[in-house]
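All values below were derived from every heavy atom in this structure, side-chain atoms included, with hydrogens, water molecules and symmetry-related copies excluded. Everything quoted here is computed from the prediction, not taken from an experiment. The residues of the chain are indexed from 1 along the displayed sequence. One-based numbering, in listed order, for ligands and for the atoms of each.
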Amino acid sequence: MILPTGTPRLDRYLSEGYETVRGMSSAFAASISGHILRRQAELGIKGHIAEIGTFEGRFFIALAMGLQPGEHAIGIDIFSWPSEKVLDHLHANCAKHGVPQPDYTAIKGNTADMTPADVIAPALRVPGSVGGKVRFFHIDGQHDDENITNDLNLAAPLMHESGIIVLDDMLHPAYPELVESVHRWLRQHPEWRVLAIIDREDIVAAAKYVLCRVEAVALYEKDLLAAFAPQVFPMGCDLIGHFTMVLTPNPRLAEID
Ligand SMILES: C[S@@+](CC[C@H](N)C(=O)[O-])C[C@H]1O[C@@H](n2cnc3c(N)ncnc32)[C@H](O)[C@@H]1O
């Protein structure tokens, strides 16, 4: 499901280009992320965009279309699965869909070997850089306890105080233990909250968690509930003691006679 983001070139990419780029994230999640990026810009939240698990750029290109002057997109991947051609495909896809080289850097490597300083370094070299903070971080790397914990710890120190972290493949039947790691991390970091759950489109285009700091909830919550009202699951959910909205392509309750 594709929804309007308020950024015309992103809307075009979602309807004409997104499915042509090999990848796994849903257009529904990309639409909501595009809306959040535009809202951040309108609120004056300045920072870079980063992604772990960039693969061939499907979701990365959508995020990069939200860049503002002085901001940079950082894509991190080992870029060797399923072949060494992945990085070439990423560059070709970015060029084809209008994300030019000066706007982004691909970092080839394993996040287990990186520090926050390694991640942000390319963004600091951008002429007129907005600084050393990330306003939107998509984590979609290796789905196991060690790596998701490492990736959250890599991202968190870099985040703008009103920044958003999106986690892929939450509640996925193939990774049932992944939420356990995330919930443990959230209990250890009570300053972070699950603002929203973006439901799956299918088994490949799976659910995502949208995280922000507790103080930033008010910046996003009402706006998302209003902007995506037809997609709001009426019950929402309770997650670690607080309300979390659930956005789904087809909100409905079980029919009970
Ligand atoms: C599911 S794919 C990402 C899909 C992409 N984000 C999309 O939405 O289409 C996961 C990617 O994470 C990368 N990856 C896995 N473990 C990693 C690690 N430790 N460091 C960097 N990248 C990693 C893999 O190489 C793979 O390209």
Side-chain angles (χ1 to χ4, degrees), residues 1-2 5 10 13-14 17-34 36-37 49-66 73-94 96-97 99 104-122 134 136-155 158 164-175 177-178 181-182 185 198-210:
M1 171 181 268
I2 297 170
T5 66
L10 174 54
Y13 169 64
L14 290 176
Y18 192 79
E19 290 290 333
T20 70
V21 178
R22 280 207 302 180
M24 294 82 175
S25 292
S26 72
F28 181 57
S31 303
I32 294 166
S33 299
I36 291 173
L37 282 158
I49 290 165
E51 183 181 55
I52 295 170
T54 298
F55 192 50
E56 298 192 348
R58 171 186 279 199
F59 203 73
F60 183 70
I61 291 167
L63 298 181
M65 287 185 172
I74 301 152
I76 305 165
D77 203 298
I78 53 175
F79 291 120
S80 59
W81 174 84
S83 83
E84 292 295 333
K85 291 190 184 141
V86 175
L87 186 52
D88 292 340
H89 292 169
L90 169 70
H91 290 314
N93 288 331
C94 286
K96 181 174 173 188
H97 296 289
V99 178
Y104 76 97
T105 298
I107 302 179
K108 183 174 166 66
N110 190 322
T111 51
D113 305 325
M114 292 178 197
T115 64
D118 298 327
V119 172
I120 204 65
V134 172
F136 196 107
F137 209 126
H138 182 219
I139 297 181
D140 189 9
Q142 186 68 25
H143 295 339
D144 60 29
D145 181 57
E146 199 179 333
N147 282 281
I148 187 75
T149 306
N150 175 71
D151 292 351
L152 279 162
N153 288 333
L154 197 56
L158 291 172
I164 292 278
I165 300 177
V166 171
L167 307 177
D168 190 52
D169 283 343
M170 293 296 102
L171 311 163
H172 193 299
Y175 312 104
E177 293 182 349
L178 200 57
S181 309
V182 171
W185 189 90
I198 305 175
D199 194 20
R200 74 180 60 244
E201 275 189 325
D202 69 24
I203 193 85
V204 173
K208 294 187 194 284
Y209 273 13
V210 181

Could you find the nearest protein heavy atom to atom 15 (C) of ligand 1 and give me its residue, atom name and distance?
->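 Looking only at protein heavy atoms, the one closest to atom 15 (C) of ligand 1 is Gln142 N, 3.5 Å.
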Heavy-atom nearest neighbour in the protein, as seen from atom 14 (N) of ligand 1, with distance rounded to 0.1 Å |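 Residue, atom and distance for the closest contact: Gly141 CA, 4.0 Å.
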Mark up the atoms of ligand 1 that fall under 4.0 Å of a heavy atom belonging to [X], in ascending order.
{"X": "Gly109", "answer": "20 (N), 21 (C)"}
{"X": "Ser25", "answer": "7 (C), 8 (O), 9 (O)"}
{"X": "Phe59", "answer": "8 (O)"}
{"X": "Asn147", "answer": "19 (N)"}

Any donor-acceptor N/O pair, His172 side chain to Ile203 backbone, under 3.5 Å |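 Yes.
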Any nitrogen or oxygen of [X] lying under 3.5 Å from a nitrogen or oxygen in ligand 1? Just yes or no.
{"X": "Thr111", "value": "yes"}
{"X": "His138", "value": "no"}
{"X": "Met24", "value": "yes"}
{"X": "Arg58", "value": "no"}
{"X": "Trp81", "value": "no"}

With sequence neighbours excluded, what pairs up with Glu84 under the salt bridge (Lys or Arg N to Asp or Glu O under 4.0 Å) test?
->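 Lys108.
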Should the ring pair Tyr104 and His91 be called parallel, tilted or perpendicular, given that the plane angle runs from 0 to 90° and is split at 30 and 60?
-> tilted
Do [X] and [Y] have side-chain N/O donor and acceptor atoms under 3.5 Å apart?
{"X": "Asp77", "Y": "Thr54", "answer": "no"}
{"X": "Asp144", "Y": "Asn147", "answer": "yes"}
{"X": "Ser26", "Y": "Lys208", "answer": "no"}

Closest heavy-atom pair and its distance - Val86, Trp81 | CG2-O, 3.1 Å
Member of Asp145, Asn153, Asp151 meeting the side-chain hydrogen bond (donor to acceptor under 3.5 Å, both in side chains) criterion with Trp185 |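 The option that passes is Asn153.
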List for me each residue that meets side chain to side chain contact (heavy atoms under 4.5 Å, CB included) alongside Ala27, sequence neighbours excluded, and say none if there are none.
-> Ile2, Tyr18
Could you point out which residue of Thr111, Leu154, Ile148, Ile76 forms a side-chain contact (heavy atoms from CB on, under 4.5 Å) with Ile139?
->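 Exactly one pass, corresponding to Ile148.
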Between the candidates [options], which shows the shortest non-hydrogen contact distance to [atom]?
{"atom": "atom 4 (C) of ligand 1", "options": "Asp140, Asn110, Ile52, Ile139", "value": "Asp140"}
{"atom": "atom 26 (C) of ligand 1", "options": "Ile107, Asp77, Ile78", "value": "Asp77"}
{"atom": "atom 5 (C) of ligand 1", "options": "Ser80, Ala112, Gly53, Gly23", "value": "Gly53"}

Check if Glu51 has a non-hydrogen atom at a distance under 4.0 Å from any atom of ligand 1.
->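 It does; at least one heavy atom falls under 4.0 Å.
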